Q: 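Have a look at this one before I ask anything.
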Amino acid sequence: MSEKTLIVYYSWSGTTTRMAKLLQKITESKLEEIKVSADTFSNDMNKTSEIANQQIASGDLPEVNKISKLDDYDLILVGSPVWSGQVATPIRSFLKQVGDFNGKIAQFHTSAGSDDKYEADFEKLLNGLKVNPGLGMTSGDLSNEKSAT
Ligand code: FMN
């Protein structure tokens with residue numbers, strides 16, 4: 001692949017990490033993980049969901065690491081778990097860094113199977129930037145993948 005590709009992802013419980021690593025193997029691209037401080041979410045899924053929904057409602061998104069030199073890339077693949085049908089809040093924070101990036105953007109996501117609204121939410125967060133077709137997988141699809149870990 002002659003295009004320079006960056007994969008940026010967030011993962012709360014490891015599934016999106018597996019998918020990101022698989023994609024990295026295929027595309028030989030650079031991999032960057034989005035991180036939040038340890039006290040941002042809970043170890044409990046329902047509590048984490050509550051915290052994330054509150055972050056969206058208040059507009060107070062979590063602080064994340066800055067990914068430098070986005071403009072060096074032709075394509076950015078952005079990976080997130082699906083939370084309440086939507087893009088997880090650490091990736092919502094990251095997407096603010098994308099600004100007016102003029103390369104290509106595509107998304108990948110993992111879910112428990114209920115992801116109908118995800119793509120539209122992702123596109124909305126990019127304020128009119130063109131989004132290329134992406135892909136979603138379920139946690140079950142990825143749970144037997146040993147080679148990526
Ligand atoms: N899965 C769905 O299919 N639909 C959802 O709306 C959904 N909401 C979730 C909310 C929270 C806070 C969490 C922790 C999980 C949710 N899930 C949902 C399941 C995750 O999307 C799924 O397990 C995903 O693969 C986890 O990725 P990760 O291991 O990279 O965090």
Side-chain angles (χ1 to χ4, degrees), residues 1 4-70 73 75-99 101 103-127 129 131-149:
M1 186 179 273
K4 247 187 124 186
T5 302
L6 172 68
I7 298 176
V8 180
Y9 73 97
Y10 170 75
S11 184
W12 182 72
S13 56
T15 306
T16 311
T17 303
R18 280 203 286 279
M19 190 166 176
K21 287 184 175 175
L22 275 174
L23 289 170
Q24 184 198 23
K25 271 197 192 168
I26 297 165
T27 58
E28 292 177 11
S29 43
K30 178 144 167 64
L31 191 62
E32 294 271 14
E33 181 177 7
I34 293 297
K35 295 179 185 147
V36 295
S37 62
D39 58 358
T40 306
F41 299 116
S42 160
N43 288 331
D44 176 76
M45 177 179 154
N46 292 329
K47 192 86 217 298
T48 296
S49 182
E50 256 173 51
I51 295 166
N53 288 336
Q54 179 57 33
Q55 289 170 342
I56 292 174
S58 66
D60 198 7
L61 293 172
E63 277 199 26
V64 299
N65 45 317
K66 172 120 178 65
I67 307 297
S68 60
K69 299 198 177 145
L70 294 180
Y73 295 91
L75 169 66
I76 305 176
L77 295 175
V78 184
S80 171
V82 175
W83 282 2
S84 302
Q86 297 178 300
V87 178
T89 52
I91 291 297
R92 301 179 101 81
S93 298
F94 164 70
L95 290 177
K96 291 184 183 290
Q97 295 177 25
V98 169
F101 175 69
K104 288 195 268 183
I105 297 187
Q107 59 79 20
F108 62 97
H109 61 270
T110 73
S111 74
S114 166
D115 64 350
D116 307 357
K117 293 180 293 178
Y118 185 89
E119 219 166 337
D121 186 44
F122 185 87
E123 288 190 16
K124 201 179 66 199
L125 294 169
L126 282 163
N127 300 319
L129 277 189
V131 178
N132 286 257
L135 75 161
M137 289 181 85
T138 65
S139 329
D141 289 334
L142 285 156
S143 63
N144 294 322
E145 178 51 59
K146 302 275 191 283
S147 60
T149 51

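Both ligands and their constituent atoms are indexed starting at 1 by order of listing. FYI, side chains are in, hydrogens and waters are out, and symmetry mates aren't considered; it's all heavy atoms of this structure. Keep in mind that this is a model prediction, so the values were computed, not measured. In what follows, residues are counted from 1 in the order of the sequence shown.
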Q: Would you please test L129 and V98 for side-chain contact (heavy atoms from CB on, under 4.5 Å) and show each step?
A: CA-CA 10 Å; L129 277 189; V98 169; 3.9 Å; yes
Q: Would you mind listing which atoms of ligand 1 come within a distance below 4.0 Å of any non-hydrogen atom of G85?
A: 5 (C), 6 (O)
Q: Check whether S84 reaches the backbone of Q86 with its side chain - one donor and one acceptor, N or O, closer than 3.5 Å.
A: no
Q: Distance to 0.1 Å, residue and atom name: give those for the protein heavy atom nearest to atom 8 (N) of ligand 1.
A: S84 N, 3.0 Å
Q: Among all protein heavy atoms in this structure, tell me which lies nearest to atom 22 (C) of ligand 1, with the distance rounded to 0.1 Å.
A: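 For atom 22 (C) of ligand 1, the nearest protein heavy atom comes out as S139 OG, 3.5 Å.
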Q: For atom 21 (O) of ligand 1, state which one of V82, D115, I51, N53 supplies the nearest heavy atom.
A: V82
Q: Could you tell me whether the side chains of S11 and T17 share a donor-acceptor contact shorter than 3.5 Å?
A: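 Per modelled atom types, S11 and T17 side chains form a pair under 3.5 Å.
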Q: Please state which protein non-hydrogen atom is closest to atom 29 (O) of ligand 1 and give its distance, to 0.1 Å?
A: S13 OG, 2.6 Å
Q: Regarding atom 10 (C) of ligand 1: of the candidates F41, W83, Y9, which has the closest heavy atom?
A: W83
Q: Do Y9 and L23 pass the side-chain contact (heavy atoms from CB on, under 4.5 Å) test, and can you show the C-alpha distance, the side-chain angles, and the key distance before you say yes or no?
A: CA-CA 11 Å; Y9 73 97; L23 289 170; over 6 Å; no
Q: Any idea which protein heavy atom is nearest atom 24 (C) of ligand 1, and the distance to it?
A: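 Of the protein heavy atoms, T110 OG1, 3.2 Å lies nearest.
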Q: Just by distance, no angles: are the side chains of S37 and D39 close enough, under 3.5 Å, to form a donor-acceptor pair?
A: yes
Q: Between R18 and D141, does the salt bridge (Lys or Arg N to Asp or Glu O under 4.0 Å) criterion hold? Intermediate values first, please.
A: CA-CA 11 Å; R18 280 203 286 279; D141 289 334; over 6 Å; no
Q: For Y10 and F41, take the angle between the two ring planes, folded into 0 to 90°, and tell me which bin it lands in: parallel under 30, tilted 30 to 60, perpendicular over 60.
A: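 Geometry flag for F41 against Y10: tilted rings.
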Q: Tell me which protein heavy atom sits closest to atom 4 (N) of ligand 1, plus the residue, atom name and distance to 0.1 Å.
A: S114 O, 3.0 Å
Q: How far is atom 1 (N) of ligand 1 from its nearest protein heavy atom, and which residue and atom name does that atom have?
A: A112 N, 3.1 Å
Q: Check ligand 1 against S49 and write out every atom of the ligand that is under 4.0 Å from a heavy-atom position of the residue.
A: 12 (C)
Q: For atom 15 (C) of ligand 1, which candidate among E50, M45, K47 holds the nearest heavy atom?
A: M45
Q: List ligand 1 atoms under 4.0 Å from G14, heavy atoms only on the residue side.
A: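 Atoms satisfying the 4.0 Å criterion: 28 (P), 29 (O), 30 (O).
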Q: Around atom CG of N43, are there more than 12 heavy atoms from other residues, nucleotides or ligands closer than 6.0 Å?
A: no
